[in-house]
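Count residues from 1 along the sequence. Just follow the structure's listing: the first ligand is 1, and inside any ligand the first atom is 1. What you see below is based on every heavy atom in this structure, not just the backbone, and it leaves out hydrogens, waters and symmetry mates.
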Amino acid sequence: MGTVIHNRKSFVVITGIIISTFLFVKCIDDSSKSTTANNNKNKFQEFAGSKVCAECHKKIYDTHVLTAHYLTSQPANEKNIKGSIAEGEHTFYYNPNVYVSVQKRDSLFYQAEYVDGVEKYFAPINITVGSGKRGQTFLYWNNHRLFQLPLTYFTALKQWTNSPGFSNRVVFRRPITSRCLECHSTFFEKINTDTNSLVEEFDRTHIVYGVDCEKCHGPAANHVAFHQKNPSATKAQFIINPSNFTRTQSLELCQLCHGGRLTKSKPSFSFQAGEKLSDYFSMDTVQKNISNIDVHGNQYGMLIASKCFKMSKMTCVTCHNSHQNETGNKILFSQHCMSCHTEANNTFCKAKNKVGNKIINNCIDCHMPEQASKSIMVLLQGQNIPTSATMRSHFIAVYPTETKNFLQAQKSK
Ligand code: HEC
Ligand code: HEC
Ligand code: HEC
Ligand code: HEC
Ligand code: HEC
Ligand code: HEC
Ligand code: HEC
């Protein structure tokens, strides 16, 4: 078998490089004990899908499809699978005798396990999860159940790695729960109605991929039907507009997925924008002590501990436009800071003189620095201590070390 010979060769190459595993501990779903029956409040028919929004909201639609939200789950295809399937790059070795390789067979993609060069098991890549900013993981269907595939793509290393939270052996049977999908999609309809069953089954045709328009605006089939029938109506009907939300409503919409671990008290996909999160989750699990909060996945917990948050009416939307991909746009984010911190009202940066005029381009690296995540870690081969990925801290404060580094980097320019 040609592939076997080839893969021996690539093993030599791969062992030379780093073999790594990484963990999205937060993303290991603590499957709630209280999983209950199928009463997804929003039936699939109530969703219109975002394509049709473009008819009347073209500008928003065109930028929204470029966001990490929209891209965070998709039906897998050649274009959206991030990792390489090129010879020498598509294999991950668990030990010298066991590896998994990612392959294209006919028009579909697969992950296949080999032991001593013999194929043992394989499964298709059906769904991608993750925009690929930090990584992307893959799911496959087995009848109506979803499972995670053994290999995940880790963007920082541009490599296939052992999937997050998997021990160092090949696993094809890790079930995907509705809470995982609730954070990474708009809607998956459950079909099993057995209250006591921990096995979750989904209707393969009743899915709204991505964190799409209707996650934040509610199912919109009635809105679309009304406005298509009444083209002269200018007042919106049958739609949720978050710009009318109270501060708490606005924050809780984002907290649903950016508030760290929450233990659910109702089935996933029941919560709708504008509702009270505490009706769906037991909020006493929300971490309040800042030193215990991880930068990963809990922007809410970090932000609310900040003085900026406590002493203003700020929400996530103060700095983030949900319809645009603004990744890395430090100038734009700094303008949001300066909408409150001005020289005129004497609330501007006290370090201004040290930084000079360029300060207006970057408030972020000193006051919201990238920090090591305690839960996204990469275990490099031959090391005992995992290497962390970094995340933006949403605890807005004065960070003396980062300031020193920033000023030094500026001097050496
Ligand atoms: C046939 C035209 C049409 C389609 C299709 C359509 N809308 Fe609208 N939408 C309107 C009109 C008209 C308004 C009111 C004027 C405005 O705000 O633009 C509106 C307003 C809105 C608003 C603001 C609500 C408010 O109170 O002002 C939101 C949010 C919205 N639409 C979301 C959506 C989403 C999501 C979709 C796709 C699922 C969609 N719309 C599809 C016509 C449409
Ligand atoms: C249904 C869950 C969900 C909701 C609700 C949600 N997000 Fe997210 N958000 C995610 C996920 C998942 C990602 C990571 C996407 C990826 O990279 O795959 C993300 C990523 C982001 C990012 C990073 C974007 C980038 O370019 O890297 C920002 C900023 C963000 N969300 C802000 C918000 C704000 C503000 C709200 C509330 C208005 C919100 N999110 C509501 C799930 C959600
Ligand atoms: C992550 C949540 C999120 C997603 C996804 C999202 N929106 Fe919004 N949308 C908001 C928020 C929050 C506001 C209110 C903004 C504000 O208060 O400034 C808003 C406001 C609007 C408005 C009112 C007009 C405006 O610009 O203020 C329209 C129309 C709209 N959205 C349409 C859409 C459409 C169409 C999509 C998908 C193509 C979409 N939204 C996706 C959160 C979202
Ligand atoms: C409570 C909500 C939540 C749950 C549950 C959750 N995630 Fe996430 N996930 C996020 C958010 C938010 C991000 C990105 C922002 C961050 O890490 O803070 C993310 C990031 C990711 C990324 C990296 C995306 C990128 O390109 O940067 C992957 C891959 C991922 N999650 C997979 C999963 C899988 C698989 C599950 C279920 C087994 C899961 N997540 C469960 C909210 C969640
Ligand atoms: C909605 C208004 C608002 C926005 C936007 C805002 N802040 Fe603040 N910020 C405040 C207020 C109010 C305080 C408290 C001022 C005081 O101490 O009297 C504060 C305090 C601070 C402090 C002092 C923190 C401490 O612990 O002493 C820093 C540093 C700061 N802000 C930086 C920023 C940066 C950087 C941004 C942008 C990423 C930003 N702020 C965005 C309102 C805001
Ligand atoms: C004072 C401004 C401000 C507020 C308020 C704010 N953010 Fe951010 N956020 C930022 C900045 C700046 C970044 C870094 C953007 C970049 O470099 O791409 C960021 C990045 C993010 C990211 C990507 C994280 C990463 O490390 O890649 C997520 C997710 C996010 N914000 C979610 C939220 C949520 C949810 C809220 C509300 C609880 C919120 N943000 C409130 C300024 C803010
Ligand atoms: C080189 C790093 C650096 C940059 C860039 C920077 N800051 Fe600061 N900032 C500091 C330091 C250090 C302090 C504390 C100075 C002191 O107390 O003497 C500070 C203080 C502040 C304070 C007052 C905090 C207090 O104790 O009352 C605010 C508000 C603030 N900065 C906002 C901003 C804003 C807005 C920007 C962007 C326009 C910005 N900073 C850019 C390092 C920086």
- Query: Strictly under 2.8 Å, is any N, O or S atom of H184 next to atom 8 (Fe) of ligand 4?
  - Reply: yes
- Query: If you count the atoms of ligand 2 from 1 in the order shown, which ones are under 4.0 Å from a heavy atom of C316?
  - Reply: 35 (C)
- Quick one: which of Y209, F269, F47 gives a side chain to side chain contact (heavy atoms under 4.5 Å, CB included) with T186? F47
- Could you tell me whether H258 approaches ligand 2 through its side chain, its backbone, both or neither, with non-hydrogen atoms closer than 4.0 Å? side chain
- A student checking ligand 1 against I240 at a 4.0 Å heavy-atom cut-off should list atoms 29 (C)
- Note on the structure: For atom 37 (C) of ligand 2, the closest protein heavy atom turns out to be C254 SG, 1.9 Å
- Protein residue, atom and distance nearest to atom 23 (C) of ligand 2, heavy-atom basis: K133 NZ, 4.7 Å
- Item | N241 N/O under 3.5 Å from ligand 1 N/O | yes
- At a 4.0 Å threshold, what atoms of ligand 1 neighbour a non-hydrogen atom of G49? 38 (C)
- List every atom of ligand 2 that sits less than 4.0 Å from any heavy atom of T72, numbering the atoms from 1 in the order shown and giving each element. 12 (C), 15 (C), 16 (C), 18 (O)
- Taking atom 24 (C) of ligand 2 as the reference point, the nearest protein heavy atom with its distance: A68 CB, 4.0 Å
- Atom indices of ligand 4 within 4.0 angstrom of M391 heavy atoms, with elements: 16 (C), 17 (O), 18 (O)
- May I ask you to check if ligand 4 and T137 share an N or O to N or O distance below 3.5 Å? no
- Nearest option to atom 36 (C) of ligand 4, as decided by whichever heavy atom of C180, G132, S178 sits closest: C180
- Message: Regarding atom 15 (C) of ligand 1: of the candidates V224, V208, T234, I60, which has the closest heavy atom?
- Response: T234
- Using a strict cut-off of 4.0 Å, indicate which atoms of ligand 1 neighbour a heavy atom of V52. 5 (C)
- Task: Select the closest option to atom 33 (C) of ligand 1 among K235, K51, H223, judged by heavy-atom distance.
- Result: H223
- Note on the structure: Which of K307, M368, M302 passes side chain to side chain contact (heavy atoms under 4.5 Å, CB included) with I396? It is M368
- Closest candidate by heavy atom, reference atom 43 (C) of ligand 2, pool C257, S73, S250, C216: C257
- Item | Proximity of H217 to ligand 1 by residue part, where a heavy atom lies under 4.0 Å | side chain
- May I ask you to list the atoms of ligand 1 that are less than 4.0 angstrom from any heavy atom of C213? 35 (C)
- Message: With a cut-off of 2.8 Å, does C53 put an N/O/S atom close enough to atom 8 (Fe) of ligand 1?
- Response: no
- Message: Can you tell me which residue among E275, K264, E252, K266 is in a side chain to side chain donor-acceptor pair (under 3.5 Å) with Y280?
- Response: E275
- List every atom of ligand 1 that sits less than 4.0 Å from any heavy atom of Q228, numbering the atoms from 1 in the order shown and giving each element. 1 (C)
- Using 30° and 60° as the class limits, which term best fits the ring planes of Y93 and Y99: parallel, tilted or perpendicular? tilted
- State if E182 counts as touching ligand 4 under the rule of any non-hydrogen atom under 4.0 Å. no
- Message: Within ligand 2, which atoms have a heavy atom of G130 less than 4.0 Å away?
- Response: 18 (O)
- Task: Enter the distance from S334:OG to N361:CG here, rounded to the nearest 0.5 Å.
- Result: 7.0 Å
- Report yes or no: is the cationic atom of R173 (NZ for Lys, CZ for Arg) under 6.0 Å from the centre of the six-membered ring of Y121, at an angle within 45° of the ring normal? no
- So the atoms of ligand 2 within less than 4.0 Å of a heavy atom of T327 turn out to be 25 (C), 26 (O), 27 (O)
- Item | Geometric class of the Y399/F395 ring pair [parallel <30°, tilted 30-60°, perpendicular >60°] | perpendicular
- Contact with ligand 1 for N244, non-hydrogen, under 4.0 angstrom: no
- Note on the structure: Answer key: the N, O or S atom of H57 nearest to atom 8 (Fe) of ligand 1 is NE2
- Query: Any N or O on Q136 sitting closer than 3.5 Å to an N or O of ligand 4?
  - Reply: no
- Item | Enumerated ligand 2 atoms positioned under 4.0 Å from heavy atoms of C183 | 1 (C), 2 (C), 12 (C), 42 (C)
- Nearest protein heavy-atom contact for atom 5 (C) of ligand 2: which residue, which atom, what distance? L253 O, 3.2 Å
- Query: Starting from atom 17 (O) of ligand 2, which protein heavy atom do you reach first, and at what distance in Å?
  - Reply: S131 OG, 2.7 Å
- Message: By the definition ring-ring contact (aromatic ring centres under 6.0 Å, His included), identify the one residue from W160, F147, F172, F109 that meets it with F138.
- Response: W160
- Task: Only heavy atoms count here, so choose which of V129, L262, I176 is nearest to atom 29 (C) of ligand 4.
- Result: V129
- Pull out every atom of ligand 4 sitting under 4.0 Å from any heavy atom of G135, numbered as shown with elements. 23 (C), 24 (C), 25 (C), 26 (O), 27 (O), 29 (C)
- Query: So, is H227 placed with an N/O/S atom under 2.8 Å from atom 8 (Fe) of ligand 1, counting both backbone and side chain?
  - Reply: no
- Item | Stepwise side chain to side chain donor-acceptor pair (under 3.5 Å) test for H394 and N298 | CA-CA 9 Å; H394 277 65; N298 199 347; over 6 Å; no
- Note on the structure: atom 13 (C) of ligand 2 sits nearest the protein heavy atom H69 CD2, 4.2 Å
- Task: Report, in ascending order of atom number, the atoms of ligand 1 lying under 4.0 Å from any heavy atom of A220.
- Result: 38 (C)
- Part of S322 within contact of ligand 2 (heavy atoms, under 4.0 Å): side chain
- Message: Heavy-atom pairs closer than 4.0 Å: do any link ligand 1 to the side chain of A233, the backbone, both, or neither?
- Response: backbone
